[in-house]
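Each residue takes its place number in the sequence, starting with 1.
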Amino acid sequence: VAVVGSTSNPSKLAWGTLQAVLNGGAPSTSFERTIVAIDRHQRQRQDTTTSSSPSFQNCYPTPQDVPSHLASCIDQAVLVTHHQSTLQRMQECLQAFPSLRCVNVVSGGFRETSSGGNLELQLLKEAQQHNIRLIGPNRVGVIDAYSDYSSMFLRIFPIQGGLSLISQSGGVCGAAIELACHNPSLGFSKVLALGNAADVGFVDALQAVRDDNNTSVVMLHLEGLGPD
């Protein structure tokens, strides 16, 4: 996983996203992951603040600066960047990471605004041209409780259980997870925030949880359905 737009400033959304990807729900997880952070405002450095996450290698100023042995392992890019630069950052990732399969755009400022619809269409076109999936934009991320994986900047992680939530609203996801954290009878398998759902939508998400042996109940929160 490459977190693009990372920062060392704890007050920034991108910092919370990076911490979620690094630590998930259990820093001692046995799942091996290669994680790199892209921070254009810092020089290349070895990170010393995440000793609980030995798979985290480095912070680099651009995707092109990531060594080839790491770049070849990256199959997902999480973009937490200004909406005006998101397309360029996406193109940089496509050039640098040959195994890239999906781009997860956390950033807002797209179709949900009066002026961002064209930018969202450009992201979708770029993804389609390179045969990858676009998740988002304008989303809080995803949680897989049984893999101890999270890209949600909410800084809370649910206990494991049989519920899976698919929602366009990040606020609904956050409220549901917080409720579950205070109620031991509620546990989640997956939480999928779709945001604007420019590409990956409810059908894709339902297929994912349908094939999940840990999911027994699926909850949906819909704000609207596209023409398909």
Side-chain angles (χ1 to χ4, degrees), residues 1 3-7 9-25 76-86 89-90 102-117 119-120 123-124 127 133-145 147-159 161 163-183 186-206 208-209 212 215 217-226:
V1 181
V3 181
V4 182
S6 300
T7 176
N9 185 343
S11 68
K12 299 293 187 179
L13 182 150
W15 184 89
T17 301
L18 177 60
Q19 296 306 307
V21 172
L22 285 172
N23 298 317
Q76 178 188 177
V78 181
L79 272 56
V80 197
T81 57
H82 190 277
H83 66 280
Q84 293 287 357
S85 63
T86 298
R89 301 289 91 80
M90 178 179 179
C102 72
V103 173
N104 172 355
V105 181
V106 175
S107 313
F110 296 92
R111 180 164 47 90
E112 77 280 5
T113 70
S114 59
S115 59
L119 283 173
E120 185 169 312
L123 291 179
L124 178 59
R133 301 307 302 266
L134 171 65
I135 311 175
N138 187 37
R139 67 190 300 259
V140 297
V142 62
I143 285 176
D144 186 335
S147 295
D148 289 319
Y149 175 80
S150 174
S151 62
M152 287 193 179
F153 54 82
L154 302 174
R155 306 185 189 183
I156 50 178
F157 197 90
I159 63 172
L163 300 176
S164 281
L165 170 64
I166 304 170
S167 173
Q168 288 174 278
S169 167
V172 168
C173 291
I177 295 170
E178 185 172 2
L179 177 64
C181 288
H182 296 286
N183 189 335
L186 293 176
F188 280 92
S189 175
K190 290 178 171 58
V191 181
L192 307 172
L194 301 179
N196 291 2
D199 178 22
V200 173
F202 279 100
V203 173
D204 301 291
L206 282 169
V209 297
D212 175 30
T215 297
V217 177
V218 179
M219 300 183 294
L220 299 177
H221 176 268
L222 290 78
E223 295 179 357
L225 292 173

Q: Flag the pair L119 / F110 as yes when at least one side-chain heavy-atom distance between them is below 4.5 Å, and no otherwise.
A: yes
(Q) Which residue is it: V140, V142, I143? I am looking for the one with a side chain to side chain contact (heavy atoms under 4.5 Å, CB included) to V191. (A) I143
Q: With sequence neighbours excluded, tell me which residues meet side chain to side chain donor-acceptor pair (under 3.5 Å) with N138.
A: N196
Q: Please round to the nearest 0.5 Å and tell me the distance separating atom OH of Y149 and atom CG of D144.
A: 10.0 Å
Q: Could you grab the distance from atom CE of M219 to atom CD1 of I166, nearest 0.5 Å is fine?
A: 10.0 Å
Q | Point-to-point distance, once rounded to the nearest 0.5 Å, from CZ of R139 to CE of M152 | A | 7.0 Å
Q) What pair of heavy atoms forms the shortest contact from H182 to E178, and how long is it? A) CD2-O, 3.0 Å
(Q) When you compare the side chain of S189 with that of V209, does any pair of heavy atoms fall below 4.5 Å? (A) no
(Q) For a 4.5 angstrom cut-off between non-hydrogen side-chain atoms, does L206 reach L220? (A) yes
Q: Apply the side chain to side chain contact (heavy atoms under 4.5 Å, CB included) test between Q76 and each candidate in V103, N104, V21; give the one that qualifies.
A: N104
Q) To the nearest 0.5 Å, what is the distance between CG (L165) and CG (L192)? A) 8.0 Å
**Q.** Side chain to side chain, D148 and F157, heavy atoms closer than 4.5 Å
**A.** yes
Q: Rounded to the nearest 0.5 Å, what's the gap from CG on D204 to CG on D199? Could you check?
A: 7.0 Å
**Q.** For T86, side chain to side chain donor-acceptor pair (under 3.5 Å) partners two or more places apart
**A.** T81
Q | Distance-minimising heavy-atom pair for A198 and E120 | A | CB-OE2, 3.4 Å
Q | Over all atoms of both residues, closest heavy-atom pair of P158 and F188 | A | CB-CD1, 3.8 Å
Q.
Take a 6.0 Å sphere around CD of E112 and say whether it holds more than 12 heavy atoms from other residues, nucleotides or ligands.
A. yes
Q: To the nearest 0.5 Å, tell me how far T17 OG1 sits from L22 CG.
A: 11.0 Å
Q. Who are the side chain to side chain contact (heavy atoms under 4.5 Å, CB included) partners of I159, not counting sequence neighbours?
A. none
Q: Of all the heavy-atom pairs spanning C173 and A193, show the shortest one and how long it is.
A: SG-CB, 3.8 Å
Q: Compare all side-chain heavy atoms of H83 with those of T113 and state whether any distance is below 4.5 angstrom.
A: no
Q. Does some side-chain heavy atom of F202 sit less than 4.5 Å from a side-chain heavy atom of Q168?
A. yes
**Q.** Closest heavy-atom pair and its distance - W15, T7
**A.** CD1-O, 3.2 Å
